[in-house]
Protein chains: 2
Amino acid sequence: MQTISREDYLKAILKIEEEAGSVSNQSLVEKLSTRPASVTNMLHTLADAGWVEHEAYKGVRLTDSGKEIALSTLRKHRLWEVFLVDKLNFSWDEVHQWAEDLEHVGDEELTNRLDAFLGHPAFDPHGDPIPTAQGQWSDGRNLIPASKAVVGDRIQLKGVVDSGEAYLQHLDRLKIELGLILVVSKSLDFDESKTLIWPDGSEASLSKQTLQNMLVEKLSRKGKE
Amino acid sequence: MQTISREDYLKAILKIEEEAGSVSNQSLVEKLSTRPASVTNMLHTLADAGWVEHEAYKGVRLTDSGKEIALSTLRKHRLWEVFLVDKLNFSWDEVHQWAEDLEHVGDEELTNRLDAFLGHPAFDPHGDPIPTAQGQWSDGRNLIPASKAVVGDRIQLKGVVDSGEAYLQHLDRLKIELGLILVVSKSLDFDESKTLIWPDGSEASLSKQTLQNMLVEKLSRKGKE
DNA sequence: AAAATATTTTAGGCAGGGCTAAAAACAAGC
DNA sequence: GCTTGTTTTTAGCCCTGCCTAAAATATTTT
């Protein structure tokens, strides 16, 4: 049985704060696949440590020190993911679980050396931004879901909303990977699917679902990036 | 507080079996810096899992499956040490603790990829042999403690008996590292210290203690390896 | 062989995280 | 404003590994 650490909770709270604004017990139950009572327990632990502020029945908020730990853990996680993909040649759908373990190893010094060894990557294998050693991680990019692209657009895949194994493997089967440039050739309004053209000239139609989870950068309609 | 895992116990039992032949509760208490009751507890756990055979008051012995796990853990530990030194530029006295954590991450697949990435190293940064994926790890080398070398011998440092921080840092201060070739120029029988000559011509006298912990290969008295 | 010493095991607890079942608080509907 | 239903918390217990203190077994000394 894989036990969920304090850091895992902090990371989850951080993500939910961003996605939804407020963090309920329920939202943590879902994100972490655990039970309400376990969450309540842990929130007490985290509050006692000064990492969150918790008001019974009202939800939870990261304190500054909690956020610092969450970002530092996220940084380690994403750097190790880069290591696993770039150096050990794992594919992007295989790395999450190991990174989950690796993120609990090492201190700031080790993390910084790993960062340097990897060449200070800005994004992980799923296109998620890697926080800096100083805890900065404003994305800076202006990405939109591919579902928002219209006919004629040249779009480049820069990230995914869902980095679950199933979805990533689905993209693999479609020969879609980070950096790939596609052109929207047709848009079926009734079911919101779109037909896209690959650089090699082949084309295929992607479902609304698939498109919503692809984060793309819109390149100029004809020219270059 | 850093908790000692089952694998750590198996590794310790393996080492003590080799060093001393039989493994007492006491020997584990010392090697793992813990308490007798904790050891007894864990030995029950390990025996229940079928990894050791334990007879009360008589000692403990690894089973085949226990030995397999111990060797596999040792392999992971030593490969990660190579990673930390070769890739992240840590020094040989800094890596043990992190490797202790890293060895619990990943499966055989990850370990084999790490092994390949590192170029299938045969020895870790302290000169200890790295077991193969098949659990082989006969050393093959014929190393002797430097204390056994006599005047005129050319010796090359290939390993250390004690890989504790203090000893390794002591060697660092003496500009002694793995691979270094020294020549024995003088031997003081009364306190068993020896004077050695470095490749750059400088010389220094090492104590019996220091010499006993250096594992060297005796090169031909004049020629090459 | 008895006494004294050393080692190992049992007994009983602590802490971290997890769980179920039941109670309490909040939110909605009428 | 009361009833129903959902969410959150409390209560009580499990498991792993750790600990101390005390009892049991070995070993050594006399």
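So that the names make sense, note that chain A is the first sequence line, chain B the second, and so on, each numbered from 1.
Atom CG of A:Asn142 is surrounded by 12 or fewer heavy atoms from other residues, nucleotides or ligands within 6.0 Å.
The phosphate of C:dT10 (OP1 or OP2) has a side-chain N or O of B:His44 nearer than 4.0 angstrom. Residue A:Thr40 places at least one side-chain N or O closer than 4.0 Å to OP1 or OP2 of D:dT9. Residue B:Gln26 places at least one side-chain N or O under 4.0 Å from the OP1 or OP2 atom of C:dT8. One finds a side-chain N or O of B:His54 lying less than 4.0 angstrom from the OP1 or OP2 phosphate oxygen of C:dT9. Listed pair A:Asn41 / C:dG18 fails the phosphate criterion, with no side-chain N or O lying under 4.0 Å from OP1 or OP2. The shortest distance between the side-chain N/O atoms of A:Tyr9 and the OP1/OP2 oxygens of C:dG16 is not below 4.0 Å. Phosphate proximity of C:dC19 to A:Thr34: present, with a side-chain N or O under 4.0 Å from OP1 or OP2.
As rounded to whole Å, 9 Å separates atom P of C:dG18 from atom CG of A:Leu32. Rounding to whole angstrom units, CG of residue B:Leu43 and P of C:dT8 are separated by 10 Å. Regarding A:Arg6, its CZ atom lies at a distance of 9 Å from the C1' atom of C:dA15, rounded to whole Å. With rounding to whole Å, A:Leu28 atom CG is found 15 Å from C:dG18 atom C1'. For the pair A:Ile4 CD1 and C:dC19 P, the interatomic distance rounds to 7 Å; values are reported in whole Å. For the pair B:Glu30 CD and C:dT7 C1', the interatomic distance rounds to 12 Å; values are reported in whole Å. Rounded to a whole Å, the CG atom of B:Asp48 is 14 Å from the C1' atom of D:dC15. Here the C1' atom of nucleotide D:dT16 and the CE atom of B:Met42 are 8 Å apart, to the nearest Å.
With hydrogens and angles left out, the side-chain atoms of B:Thr63 and B:Glu53 include no donor and acceptor closer than 3.5 Å. Donor-acceptor pairing under 3.5 Å is lacking for the side chains of B:His96 and B:Glu165. At a cut-off of 3.5 Å, with distance as the only test, a side-chain donor of B:Ser91 or B:Glu94 sits close to an acceptor on the other residue. A donor and an acceptor atom, one from each side chain of B:Arg75 and B:Asn112, are located under 3.5 Å apart.
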Measure all distances between protein nitrogen or oxygen atoms and nitrogen or oxygen atoms of nucleotides 20-28 of chain C, and list the pairs falling under 3.5 Å.
| residue | atom | partner | partner atom | Å |
| --- | --- | --- | --- | --- |
| C:dA25 | O4' | A:Tyr57 | OH | 3.4 |

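Geometric assessment of B:Lys87 against the ring of B:Phe117 yields a positive cation-pi assignment under the 6.0 Å and 45° thresholds.
Checked for salt-bridge contact, B:Lys11 and B:Glu103 meet the test: a charged N lies under 4.0 Å from a carboxylate O.
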